[in-house]
**Student:** 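Sharing a structure with you now.
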Amino acid sequence: MKQYLNQNQQKIIQTIQQIPAGCVASYGQLADLAGLPGRARLVGKVLRSAPDDLKLPWYRILRANGALAFSAGSEQAMRQIDRLADEGVEVIRNKVDMKTYGWQPSLADILFKLEQ
DNA sequence: CGGCTGACTTACC
DNA sequence: CGGTAAGCCAGCC
């Protein structure tokens, strides 16, 4: 069955798919890049409701302070930590060092995305 | 139609 | 570092 997403959700998904492996981004950052400043929660909604078929790198998305969106020790958190570890991102005390692994898209990347 | 919720964030104390 | 408050808004009841 086909999923009908509104335009905002489409943009968010596109933006999420821009996150390169080995990097992480925050909900707010994604909302900004998707052209939806202040709508971090919408990003969360999309992630929660998006079908797995989209193969979204949800595990590369964290809170603004680098902490996982899930509570430490939860099943989801552990799965996320596992996947991040696979890409070389280390999670310490349920948090990631945004300075080291945070995604810093270049202006060129953003412009390229806008063209698509 | 109104209220509540939440994979959020920033500011302030 | 923890607690409150306010802003945000789609989706569910």
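Every heavy atom of this structure was used, including side-chain atoms; hydrogens, water molecules and symmetry mates were not. Reminder, nothing fancy here: chain letters follow the sequence lines and each chain counts from 1.
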**Student:** Is there a donor in the side chain of A/Arg79 and an acceptor in the side chain of A/Gln76, or the other way round, less than 3.5 Å apart?
**Tutor:** yes
**Student:** Is it the case that the base of C/dG7 and the side chain of A/Arg41 share a donor-acceptor contact (distance under 3.5 Å, atom types as modelled)?
**Tutor:** yes
**Student:** Starting at CD1 of A/Ile12 and ending at P of C/dA10, how long is that distance when rounded to a whole Å?
**Tutor:** 10 Å
**Student:** Heavy atoms only: give me the nearest A/Gly22-A/Tyr101 pair and the separation to one decimal.
**Tutor:**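 That would be O-CD2, 3.9 Å.
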**Student:** Let's test this: given Watson-Crick or G-U wobble pairing with both distances under 3.5 Å, identify the partner of C/dC8.
**Tutor:** none
**Student:** To the nearest angstrom, how far is A/Arg39 atom CZ from C/dG11 atom C1'?
**Tutor:**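 So the CZ-C1' distance, A/Arg39 to C/dG11, works out to 16 Å.
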**Student:** Taking CG from A/Asp32 and P from B/dT9, how many angstroms apart are they, rounded to a whole number?
**Tutor:**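 From A/Asp32 CG to B/dT9 P: 10 Å.
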**Student:** Starting at atom CZ of A/Arg63, determine the distance to atom C1' of B/dT9, rounded to an integer number of angstrom.
**Tutor:**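 Between C1' of B/dT9 and CZ of A/Arg63: 10 Å.
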**Student:** Looking at every strand, decide which applies to A/Leu47 at a 4.0 Å heavy-atom threshold: base, sugar-phosphate, or nothing.
**Tutor:**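 Base contact - A/Leu47 has a heavy atom under 4.0 Å of at least one base atom.
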**Student:** Mind calculating the distance between CZ (A/Arg79) and C1' (B/dA7) to the nearest angstrom?
**Tutor:**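 Nearest whole value for this atom pair: 12 Å.
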**Student:** If you find the nucleotide of DNA chain C closest to A/Gly38 and the one closest to A/Arg48, which residue's nucleotide is nearer the 5' end?
**Tutor:**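 Final value for this comparison: A/Gly38.
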**Student:** In whole Å, I'd like the distance from the NZ atom of A/Lys95 to the C1' atom of C/dC1.
**Tutor:** 10 Å
**Student:** In whole angstroms, how far is the P atom of B/dA7 from the CD atom of A/Gln80?
**Tutor:**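 Checked: the CD to P distance equals 13 Å.
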**Student:** Nearest whole angstrom, please: distance from the P of B/dT9 to the NZ of A/Lys45.
**Tutor:**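 Spelled out: NZ on A/Lys45 to P on B/dT9 is 14 Å.
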**Student:** Is the backbone of A/Arg83 close enough, under 3.5 Å, to the side chain of A/Glu87 for a donor and an acceptor to pair up by distance?
**Tutor:**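 Not a single qualifying donor-acceptor pair exists.
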**Student:** Between B/dA7 and C/dT4, how far is it from one C1' atom to the other, in whole Å?
**Tutor:** 22 Å
**Student:** Closer than 3.5 angstrom, by distance alone: can the side chain of A/Gln18 be matched with the main-chain N or O of A/Pro105 as a donor-acceptor pair?
**Tutor:** no
